[in-house]
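Numbering of ligands and ligand atoms starts at 1, following listing order.
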Amino acid sequence: MNNTRLSAHFSLGEFIHLDKYPDNIPSMQDVANMTYGCNMLLEPARRVVGPIIINSGFRNKAVNRRVGGVSNSQHLVGQAADIRPRDPRQFSRLVEFLRHHELTDQLLTGNGWMHISWNPFDTPRHYVRTGYYK
Ligand SMILES: [Zn+2]
């Protein structure tokens, strides 16, 4: 399952982290949602900023509780990814790219982290709240 490709450069393993969370199994719909995000947002972003490290993508309810995620988290349905930017330059280039992208639903950033979400079923909210890298 880990090696299942979601897009040219992203695999399911990067989103579900079965090594840490063995029961973190997505549904077919969750996988379809992740595939959408990878192809429509993350691959285009990668073309601009280079390889992107995904810290966390899909979380089932138990995993979401363990990491203290909000109860309506888009991670529960495969519509979000937490990115760990390599350095301040990649961080700022990612923010510039994603904040203006038509499919960005939410972009939240803080000290060295970034949460990006998408929604294949609704008009993107384009909600952006950015903090600084360091
Ligand atoms: Zn997140």
Sorted by chain and residue number, the side-chain contact (heavy atoms from CB on, under 4.5 Å) partners of Pro51 (sequence neighbours excluded) come out as Arg46, Arg86
Main-chain N/O of Met40 paired to Trp118 side chain as donor or acceptor, under 3.5 Å:
no
Are Ser117 and Gln106 linked by a side-chain donor-acceptor pair shorter than 3.5 Å?
no
Residue-atom pairs from the protein, N, O or S only, that lie under 2.8 Å from the Zn ion (ligand 1)
His75 NE2, Asp82 OD1, His115 ND1
List for me each residue that meets ring-ring contact (aromatic ring centres under 6.0 Å, His included) alongside His115, sequence neighbours excluded, and say none if there are none.
His75
Closer than 4.0 angstrom, basic N to acidic O: yes or no for Asp82 and Arg59?
yes
Report the residues that fulfil side chain to side chain donor-acceptor pair (under 3.5 Å) with Asn2, sequence neighbours left out, ordered by chain and then residue number.
none
